[in-house]
Amino acid sequence: MTETRTQTQFEEVDQIVVRFAGDSGDGMQLTGDQLTRTTALMGNDLATFPDFPAEIRAPAGTLPGVSAFQLRFSNFDIHTPGDAPDVLVAMNPAALKVHVSSLRRDGTLIVDTTSFGPVDLKKAKYDKNPLEDGSLDGYRVIKLELQRLTREALASTTLDTRSKDRCKNIYALGIVSWLFHRDLKPTIQFLRGKFASKPEIAEANVKALEAGHLFAEVSGLFQAAYRVAPATFMKPGTYRNVMGNQALCLGLVAAAKKSGLRLVLGSYPITPASDILHQLATYKHHGILTFQAEDEIAAIGAAIGASYGGLLGVTSTSGPGLALKSEAIGLAVMTELPLVVIDVQRAGPSTGMPTKTEQADLLQAMFGRNGECPVPIVVARTPADSFGAAFDAVRIALRYMTPVILLSDGYIANGSEPWCVPTASSLPEIAVKFAAAGDGTARFRPYERDPVTLARVWARPGTPGCTHRIGGIEKEDGSGNISYDAQNHQHMVDLRAEKVARIANDIADAEVIGHPSPDVLFLCWGGTTGAITAAALRLSKAGHSIGAVCLRWVNPFPKNLEAILRASKRVIVPELNLGQLAMLIRSRFLVDAQPFTKVQGQPFTSHEVEEAGLAALAALRGQEVSR
Amino acid sequence: MTETRTQTQFEEVDQIVVRFAGDSGDGMQLTGDQLTRTTALMGNDLATFPDFPAEIRAPAGTLPGVSAFQLRFSNFDIHTPGDAPDVLVAMNPAALKVHVSSLRRDGTLIVDTTSFGPVDLKKAKYDKNPLEDGSLDGYRVIKLELQRLTREALASTTLDTRSKDRCKNIYALGIVSWLFHRDLKPTIQFLRGKFASKPEIAEANVKALEAGHLFAEVSGLFQAAYRVAPATFMKPGTYRNVMGNQALCLGLVAAAKKSGLRLVLGSYPITPASDILHQLATYKHHGILTFQAEDEIAAIGAAIGASYGGLLGVTSTSGPGLALKSEAIGLAVMTELPLVVIDVQRAGPSTGMPTKTEQADLLQAMFGRNGECPVPIVVARTPADSFGAAFDAVRIALRYMTPVILLSDGYIANGSEPWCVPTASSLPEIAVKFAAAGDGTARFRPYERDPVTLARVWARPGTPGCTHRIGGIEKEDGSGNISYDAQNHQHMVDLRAEKVARIANDIADAEVIGHPSPDVLFLCWGGTTGAITAAALRLSKAGHSIGAVCLRWVNPFPKNLEAILRASKRVIVPELNLGQLAMLIRSRFLVDAQPFTKVQGQPFTSHEVEEAGLAALAALRGQEVSR
Amino acid sequence: MSTTGTPLTKKDFKSDQDVRWCPGCGDYSILNAVQTAFAELGKKPHEVAIVSGIGCSSRFPYYMETYGFHTLHGRAPTIATGLKLANPDLDVWVVTGDGDALSIGGNHLIHVLRRNVGLKILLFNNRIYGLTKGQFSPTSERGKKTKSTPMGSVDEPFSPIGLALGANATFVARSVDIFAQHLVAMVKRMDAHRGTSLLEIYQNCNIFNDGAYKSFTDKELRDDRVVELHQGKPLLFGKNLDKGLSFDADLRPRIVEKADAATWDEHRANPAYATALAHADEASLPVPIGVFRDVARSPFESDLRNQLAVAGERKTESLDELLLGNETWTVGS
Amino acid sequence: MSTTGTPLTKKDFKSDQDVRWCPGCGDYSILNAVQTAFAELGKKPHEVAIVSGIGCSSRFPYYMETYGFHTLHGRAPTIATGLKLANPDLDVWVVTGDGDALSIGGNHLIHVLRRNVGLKILLFNNRIYGLTKGQFSPTSERGKKTKSTPMGSVDEPFSPIGLALGANATFVARSVDIFAQHLVAMVKRMDAHRGTSLLEIYQNCNIFNDGAYKSFTDKELRDDRVVELHQGKPLLFGKNLDKGLSFDADLRPRIVEKADAATWDEHRANPAYATALAHADEASLPVPIGVFRDVARSPFESDLRNQLAVAGERKTESLDELLLGNETWTVGS
Ligand SMILES: Cc1ncc(C[n+]2csc(CCOP(=O)(O)OP(=O)(O)O)c2C)c(N)n1
Ligand SMILES: Cc1ncc(C[n+]2csc(CCOP(=O)(O)OP(=O)(O)O)c2C)c(N)n1
Ligand code: SF4
Ligand code: SF4
Ligand SMILES: [Mg+2]
Ligand SMILES: [Mg+2]
């Protein structure tokens with residue numbers, strides 16, 4: 001059969017969307033990660049979407065236990081992990097049940113038939129065997145007994161059966177690697193590294209990988225393999241693949257270094273923000289201090305304390321944690337200390353659906369504190385964009401002496417894409433000036449301000465001659481003494497608002513993507529940026545007067561936003577909530593911005609957004625005609 | 001001199017505004033309270049405004065230690081404690097310094113000259129003696145050595161000097177009582193009650209009161225005494241004087257009784273909400289259970305637990321405490337339990353100015369939680385109106401199975417006014433239905449709903465056959481089982497929003513005060529109601545096309561609000577914040593509602609509001625002309 | 001769901017929900033033991049409410065055919081307090097983890113203990129954060145390498161029992177997930193106590209902290225490494241109960257001859273001895289399980305309810321009287 | 001504000017702000033004692049930071065000519081922790097009240113104690129909420145009648161020292177506002193300790209809880225009602241130190257002949273004896289003041305800083321290297 005090897009047909013395509021789905025014990029995330037790594041190294045553009053189950057490990061074979069990973073890669077500029085996969089690998093009936101409906105009509109379904117007995121089907125809530133009842137007829141179904149194949153491939157090893165079975169996912173990865181013409185080397189390297197202390201296991205996995213690859217080639221089950229040429233549109237530079245939480249951490253560290261300040265993270269674990277704590281904890285050699293506190297309040301307390309001490313205080317959490325931090329954020333506003341508060345949003349309200357994504361904390365970030373308590377809000381728009389968002393958050397926090405809330409979400413946090421790595425020297429310096437030591441003749445005035453930014457002076461405890469007291473009670477401007485004076489309070493409330501408003505002078509203008517002066521404008525923020533960018537680009541390319549603005553700063557808005565909004569005839573605000581940004585825009589500009597929302601724990605598909613855009617355009621044309 | 005007694009001139013006036021100001025140790029609040037009681041019993045309409053210092057007892061004689069109490073009473077319908085007092089009683093230089101500027105030009109200033117030495121003046125930050133430098137020239141100044149007068153009056157008693165001096169405020173009350181023709185009896189009764197165990201002290205106080213009264217009459221210092229006839233406009237009924245926090249508590253108890261449920265208050269002390277805890281703690285004989293928890297979170301936790309247990313859970317706090325409760329409010333939303341969360345707002349942000357008033361927690365109440373987490377919001381508008389607001393909060397919480405946030409503020413909480421006491425039988429019944437015991441054949445479904453209100457069924461733990469599990473994770477409608485299903489989540493998010501929206505079917509329509517179809521409409525909520533009502537009534541009476549709507553419910557809005565807004569030509573939203581209701585109105589109705597704001601820890605004066613109304617009207621007329 | 005008739009069995013306390021812990025998790029044994037104990041105690045499902053926080057352990061109520069409330073991280077004691085105040089006759093249990101109870105929820109825990117609210121608290125101590133995938137917890141040993149502490153933790157752990165004693169707890173005990181009989185017995189002891197009873201259960205998390213208690217719970221080691229506390233009995237351990245535990249002058253526990261073993265008294269008013277055991281070194285001394293302390297103090301909810309009763313006797317007042325207050329005036333029509 | 005030259009005096013630690021406690025409040029004596037101790041310790045104002053929560057007591061930093069941070073109710077330990085992590089050389093003090101530290105802030109308190117963060121905590125215990133005008137606190141005696149408990153509280157109070165010991169605190173002591181010399185001495189002892197030191201200070205609130213400690217602090221009663229703990233010395237009290245304190249078999253403290261007095265050892269590894277004293281009955285036994293416990297354990301912030309140093313030695317990496325990571329590819333121009 002060896003001759004067939006040379007006969008492999010390669011079909012050139014411009015993109016592939018593949019999804020792995022299996023039990024949470026099946027190693028789907030690892031499999032996806034490896035395919036992603038290889039794909040990144042092969043120079044494609046890519047985007048990923050891992051979809052975790054809520055439980056650590058729900059009972060094997062059940063619907064709640066299904067874990068999935070989707071990868072899209074291409075030779076052109078992509079912005080989302082794709083709507084419907086071309087290829088679905090389903091490792092058991094539950095995975096099939098949950099995911100088959102999203103497979104493209106005529107897509108390829110690779111299904112492990114090992115466990116399709118009555119018990120397995122029942123666990124997956126199947127009445128009949130889907131492999132037999134014709135319900136999969138529309139797909140190109142490839143049934144494999146993966147367990148048997150893997151065991152056979154590893155027959156010569158000394159591993160016990162259970163350990164052999166654990167290599168099943170890697171065998172499947174081998175198959176897919178052949179199918180998409182992916183290099184095996186990076187994965188082999190990874191496996192040898194991961195199991196360095198257990199060479200037997202390492203080699204068994206390598207064997208399974210290669211066996212899967214060979215099987216795909218020789219079995220003749222696949223009509224052709226696919227090849228996606230490297231992306232060529234990308235701007236020249238050095239690239240790496242990054243996940244959102246990872247890029248966010250790198251942005252924090254880079255900004256800390258550029259400001260010359262040590263970073264102190266106070267955090268308490270919570271999905272999907274925990275990885276920020278984990279990641280930063282590995283940067284101790286960069287002087288990054290991480291502190292796992294007893295709760296979210298202690299975490300932000302420590303961050304505030306660190307900032308008071310003259311370092312860069314950061315705290316990371318998700319929605320319920322942000323709720324707990326609200327009182328303390330107020331203290332940071334009142335004491336005008338720099339601070340970055342990261343909220344990686346998840347589906348709410350309350351505990352909600354912790355492993356699912358949503359964008360419903362915007363108004364909490366804006367208003368979730370007692371009193372008039374303005375805080376600037378910056379958002380991460382894509383996995384790689386999290387770097388810039390974090391960098392910007394630090395820059396503004398230090399320049400304006402203010403807490404900044406950085407909103408990310410579960411979708412970007414765990415998703416990944418290629419990132420053109422900036423050189424350290426290309427990053428802007430962040431100037432930080434502390435109060436100089438005094439000789440004790442003049443009383444130090446902690447609320448003296450920079451006339452441009454209104455930032456107050458920052459004195460590091462320990463500095464001679466700068467002793468001073470601050471706190472959460474209203475204070476007299478300049479001296480910082482406690483004040484209950486009516487006019488002073490008005491002045492300070494206005495001033496704190498003005499300080500945040502002035503940040504607009506220091507942030508980038510909004511950019512319109514797609515049609516440069518569109519009739520229909522999508523206005524979005526955060527993690528929906530990928531889907532909206534893709535939709536705006538496609539629709540405008542197709543000749544529609546549709547464009548998009550994807551905000552980096554939500555508070556304050558960029559200065560040119562109003563003009564852009566007024567120039568367009570219809571503003572659509574796609575959001576994964578019930579219309580939170582829309583509400584801010586409507587009240588601020590009195591523009592009839594229309595929310596386009598979805599609250600299902602899942603990101604928008606580009607398709608959904610495109611339809612909304614076209615519908616808006618059609619309605620507009622209809623109106624124009626009827627006028 | 002006795003013959004002068006009969007010669008007393010009484011000037012009939014329709015209203016009086018008097019303010020007492022002194023050291024926090026001087027008993028100004030007690031003095032004010034007594035004058036208020038008497039005035040209430042004499043059948044006047046009245047309104048009060050106590051203004052506390054931040055400290056328990058700041059050093060005697062200093063500016064931060066000044067405590068004040070303002071009383072306005074009348075024979076006509078009044079809505080605020082008045083802008084500028086007619087009479088100011090200043091017990092020391094600091095009190096004079098802080099309050100003299102608000103005294104009406106040509107007003108009467110009664111000043112205790114006992115402590116105007118250099119040290120006293122310095123403490124009050126006076127460079128020169130204001131009694132001598134002509135700065136008080138515009139006022140009718142009456143200088144009294146109150147300490148000496150009081151000591152003389154009590155010369156025959158066995159009290160030590162310090163105890164004698166403590167009667168100074170009561171001596172002053174005697175003077176004022178004569179001046180305003182107030183009955184002494186209620187105060188005498190009070191003094192004898194208060195000092196029942198110390199009859200010597202009681203009698204000394206009574207003596208001081210009577211001596212002050214006599215002194216005022218015989219000294220000839222006053223040209224005339226004033227008489228304010230009882231208010232006649234008042235609807236027939238039995239009246240009492242109530243403070244806001246007190247009325248609020250009575251509303252809670254009444255609603256609990258009308259629903260047949262025991263009330264459990266979980267609370268943690270915080271100014272200005274603590275009195276709710278104190279007051280309810282005295283209602284144990286009504287079955288009211290109060291629990292002083294370890295913090296705000298435990299307080300709301302206990303309230304939620306009580307509601308889960310089938311009782312009426314209530315929690316009370318102020319702004320910083322509401323921030324801490326935000327996560328738990330989300331749980332109550334998700335588990336759809338009835339709960340009343342009371343926020344007596346104070347000036348923020350952060351610790352802010354705890355003894356001062358503000359209305360800046362509205363957006364926190366609306367949005368201060370993670371995820372889409374709607375909560376109805378009811379507001380107390382005046383001290384007496386707090387009764388109805390609390391009653392309504394309970395009624396809706398139970399009818400819709402939802403947490404309700406009740407917003408009050410420091411100004412209404414501590415202010416007082418006459419209240420026409422309803423009879424118990426005139427209050428509406430609040431129907432509560434618990435799930436009936438089951439026989440165990442059918443699984444209990446805790447998320448089955450009333451088709452009209454969407455309220456879920458409420459099962460009291462302990463009921464046979466109704467065992468069920470609830471929690472903060474998203475749940476399947478009907479069964480209440482945990483669900484991560486995308487469509488179910490959308491359904492539940494929409495449903496929770498819809499449930500709150502439907503409350504609009506159950507609340508009173510908005511009423512326009514003043515001009516029935518005004519060109520300029522004031523839209524307000526909460527504690528500014530008094531000032532805005534007064535302004536709207538006065539201006540419309542004066543022929544201006546100005547009216548006002550004072551909202552009882554802010555979420556949802558009453559159904560007829562939109563029509564009212566659209567019918568008026570200009571909407572002004574006066575608020576003690578930077579424009580929070582205005583922002584909700586603008587985004588919801590796309591109406592150019594203009595905020596008119598003040599953030600100074602003080603209520604609006606009617607005068608300020610009137611000016612704003614007239615300015616708006618003038619601008620409108622100008623526009624109309626120029627069009 | 002049966003609520004009448006014949007004596008109930010363990011199965012009657014099983015809900016219809018699939019149990020979703022990792023295969024092999026110690027939580028399964030605890031679930032089993034609690035269901036067994038409840039059945040043996042003759043409880044009725046509808047008379048029990050179980051309140052939990054957030055964590056793997058806090059999923060517990062879903063699997064019990066009783067009333068259940070899965071609340072917020074760390075806040076279960078507060079909600080359970082409200083529930084118990086609302087309904088003092090209800091049998092209220094709290095299920096919590098080491099993170100839930102001692103990290104974010106530490107304050108609520110010590111406050112219910114001091115108040116002695118009639119709650120029965122099962123603290124699943126796996127010395128790790130399970131649900132958030134393996135960070136160290138306030139009971140993790142020093143130097144613990146986890147995702148959030150790649151170089152090892154530097155936090156000194158709490159002794160949950162020591163802390164509870166410091167908070168003046170009236171009933172404190174310890175058991176182990178796999179010591180099924182002992183665990184059932186401890187659950188029954190808790191049930192008998194009036195006021196708060198706290199049971200620390202050593203629980204294995206086989207995914208993120210496997211073998212945390214292996215060194216003294218393994219079949220072969222158990223006898224020599226565990227000492228059972230029995231009221232009025234000497235502190236003996238070893239296969240043939242041939243070794244003893246006593247206290248030195250500084251009250252440090254130490255291993256002694258059988259004859260010199262100290263006698264255990266769980267009823268001592270002063271918690272000092274129990275404290276001495278709670279802070280004993282786990283590595284060098286046998287690990288105590290059983291009841292550390294059991295003393296009587298009136299439960300919070302009954303004291304509070306008593307006040308209502310007394311107040312009700314002292315003063316009767318109609319709603320009308322309440323609303324009118326003491327001082328009114330009338331405006332005629 | 002002088003920061004150089006000649007030795008500083010108490011006055012150098014006075015800020016320019018008017019002190020705003022009620023006349024007669026015990027807080028004045030404490031302020032005085034701390035200023036005295038700081039001066040005698042040769043501290044420099046700019047090297048000290050005082051972090052407080054909210055309460056009358058927490059106004060303290062405003063009156064001290066040092067760095068100061070008046071934070072949130074209950075949260076001072078968290079902010080002080082961050083400050084100490086940021087600057088381990090800074091001399092960080094925490095001022096808190098019984099409500100601030102033990103009610104809303106209880107969890108943060110026990111966590112800094114267990115971690116042994118290098119903070120010096122002055123806990124002003126007046127057994128009442130002063131600033132909010134007189135509700136009972138977690139240290140108020142049972143049956144306390146206050147605004148929020150008109151029929152008396154039913155809460156069992158905490159022993160702050162007992163709780164701290166339960167949390168594994170390394171330094172715990174007690175003093176009294178009006179025992180000026182003792183108080184100064186205790187502040188100095190705290191200063192010398194590495195890690196967290198907690199000083200409970202009995203403080204009179206003459207407005208809302210006047211005379212709370214009168215029964216043993218009054219001049220005439222003091223000798224018979226207070227026992228001072230001294231390292232290595234017997235527990236003696238009485239005018240002529242003629243009475244002793246010892247422990248019975250159950251470790252309950254009891255009054256004995258001078259000769260039979262127990263010897264005090266604050267360095268015991270096991271906190272059981274200190275616990276026994278902490279929970280002793282205040283009404284019937286002399287009240288202990290002085291150092292209950294002083295043991296060595298490395299402070300949290302130095303352990304954490306050490307890890308940074310070790311990590312820095314193990315691996316040097318430029319920002320460029322960090323950003324690039326291990327796997328990159330290049331797109332040519
Ligand atoms: C307010 C809040 N913070 C953080 C979390 C995330 N979280 C969930 S469970 C948990 C800790 C679980 O540890 P433990 O209590 O020991 O329970 P286990 O899973 O080990 O049984 C954390 C940090 C949360 N759900 N809510
Ligand atoms: C979040 C929050 N809750 C409540 C309060 C109100 N409050 C201020 S101080 C205090 C208690 C003060 O008692 P304690 O700590 O004993 O200090 P003391 O005044 O007695 O010195 C309370 C409840 C607050 N400021 N913030
Ligand atoms: S993660 Fe650990 S504690 Fe959680 S279910 Fe799995 S084994 Fe049990
Ligand atoms: S209220 Fe009490 S604690 Fe507060 S300042 Fe006054 S006397 Fe001191
Ligand atoms: Mg755990
Ligand atoms: Mg106190």
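Naming: A, B, ... by sequence-line order, numbering from 1 per chain. Heavy atoms only: backbone and side chains are in, while hydrogens, waters and symmetry mates are out.
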Undergrad: For each of B/Glu327, B/His491, B/Arg496, tally heavy-atom pairs with chain A at distances under 4.5 Å, and name the one with the top tally.
TA: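 Top option by heavy-atom pairs under 4.5 Å: B/Glu327.
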Undergrad: Any sub-3.5 Å donor-acceptor pair from B/Gln490's side-chain atoms to A/Val599's backbone N or O?
TA: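 Yes, B/Gln490 side chain to A/Val599 backbone: donor-acceptor pair under 3.5 Å.
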Undergrad: Count the heavy-atom pairs under 4.5 Å between each of B/Ala365, B/Ala360, B/Gly348 and chain A, then report the option with the highest count.
TA: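 Looking at each option in turn, the highest pair count goes to B/Ala360.
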Undergrad: Just so I understand: if I count every heavy-atom pair under 4.5 Å between each of A/Gly330, A/Ala332, A/Ala486 and chain B, which residue has the most?
TA: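 When all of A/Gly330, A/Ala332, A/Ala486 are compared, A/Ala486 has the most.
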Undergrad: What part of A/Met334 lies closer than 4.5 angstrom to a heavy atom of chain B: side chain, backbone, both or neither?
TA: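 Side chain of A/Met334 only, per the 4.5 Å heavy-atom cut-off to chain B.
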Undergrad: Using heavy-atom distances under 4.5 Å, tell me whether B/Leu322 contacts chain A through its side chain, its backbone, both, or neither.
TA: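 Nothing of B/Leu322, per the 4.5 Å heavy-atom cut-off to chain A.
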Undergrad: For A/Thr335, is it the side chain, the backbone, both or neither that has a heavy atom under 4.5 Å from a heavy atom of chain B?
TA: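 Nothing of A/Thr335, per the 4.5 Å heavy-atom cut-off to chain B.
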Undergrad: Heavy-atom cut-off 4.5 Å, strictly under: side chain, backbone, both or neither for A/Arg346 against chain B?
TA: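 Contact with chain B: none, neither part.
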Undergrad: Could you tell me which of A/Met366, A/Gln580, A/Lys356 has the largest number of non-hydrogen atom pairs under 4.5 Å with chain B?
TA: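 Ranked by heavy-atom pairs under 4.5 Å with chain B, first place is A/Gln580.
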Undergrad: Which bit of B/Ala593 is near chain A, if near means a heavy-atom gap under 4.5 Å: side chain, backbone, both or neither?
TA: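 No part of B/Ala593 comes within 4.5 Å of chain A.
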Undergrad: Checking heavy atoms, do the side chain of B/Ser483, its backbone, both or neither come under 4.5 Å from chain A?
TA: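 Backbone only.
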Undergrad: Of the backbone (N, CA, C, O) and the side chain (C-beta and beyond), which part of B/Val591 lies under 4.5 Å from a heavy atom of chain A, both, or neither?
TA: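 Contact with chain A involves the backbone of B/Val591 alone.
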Undergrad: Could you have a look at B/Asp592, B/Val333, B/Asn488 and say which one has the most heavy-atom pairs with chain A under 4.5 angstrom?
TA: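 Heavy-atom pair counts peak at B/Asp592.
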Undergrad: Kindly compute the distance separating CE (A/Met492) from CE (B/Met353), expressed to the nearest 0.5 Å.
TA: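 The CE atom of B/Met353 is 11.5 Å from CE of A/Met492, to the nearest 0.5 Å.
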Undergrad: I need the B/Ser350 OG to A/Glu474 CD distance, nearest 0.5 Å.
TA: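 If I round to the nearest 0.5 Å, the distance is 10.0 Å.
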Undergrad: Sort A/Ala497 into side chain, backbone, both or neither according to what part of it lies under 4.5 angstrom from a heavy atom of chain B.
TA: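 For A/Ala497, side-chain heavy atoms alone lie under 4.5 Å from chain B.
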Undergrad: How long is the gap from CZ on B/Arg369 to CG on A/Asp361, to the nearest 0.5 Å?
TA: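 Reported to 0.5 Å precision, the distance equals 12.0 Å.
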Undergrad: Tell me, out of A/Arg588, A/Met583, A/Gln359, who's got the most heavy-atom pairs with chain B below 4.5 Å.
TA: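 The candidate making the most pairs under 4.5 Å is A/Met583.
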Undergrad: Name the region of B/Asp494, side chain, backbone, both or neither, that has any atom closer than 4.5 Å to a heavy atom of chain A.
TA: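 Contact with chain A involves the side chain of B/Asp494 alone.
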Undergrad: For B/Arg586 and A/Arg586: C-alpha separation, side-chain torsions, deciding distance, then whether side chain to side chain contact (heavy atoms under 4.5 Å, CB included) applies.
TA: CA-CA 7 Å; B/Arg586 291 169 63 88; A/Arg586 290 169 64 89; over 6 Å; no
Undergrad: How close do B/Glu372 and A/Asn577 get, counting heavy atoms only, and between which atoms?
TA: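 That would be OE2-CB, 3.2 Å.
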Undergrad: Which value, rounded to the nearest 0.5 Å, describes the distance between B/Thr317 atom OG1 and A/Asn370 atom CG?
TA: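 Separation between the atoms: 9.5 Å.
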Undergrad: Shorter than 4.5 Å, heavy atoms on both sides: which option in A/Glu358, A/Gln602, A/Lys325 has the most such pairs with chain B?
TA: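 So the answer, after comparing A/Glu358, A/Gln602, A/Lys325, is A/Glu358.
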Undergrad: Could you give the distance from CG (A/Leu324) to OG (B/Ser326), rounded to the nearest 0.5 Å?
TA: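 If I round to the nearest 0.5 Å, the distance is 7.0 Å.
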Undergrad: What residue, out of B/Gly471, B/Ala347, B/Gly601, B/Pro354, has the most heavy-atom pairs lying under 4.5 Å from chain A?
TA: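 Result: the option with the highest number of such pairs is B/Pro354.
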Undergrad: Relative to chain B, which of A/Gly352, A/Cys373, A/Gly368 shows the most heavy atom pairs under 4.5 Å?
TA: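 Max contact count across the listed options: A/Gly352.
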Undergrad: Quick check on B/Ile585 against chain A: is it the side chain, the backbone, both or neither that has a heavy atom closer than 4.5 Å?
TA: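 Neither the backbone nor the side chain of B/Ile585 comes within 4.5 Å of chain A.
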Undergrad: Side chain, backbone, both or neither: which part of A/Ile329 has an atom under 4.5 Å from a heavy atom of chain B?
TA: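 Contact with chain B: none, neither part.
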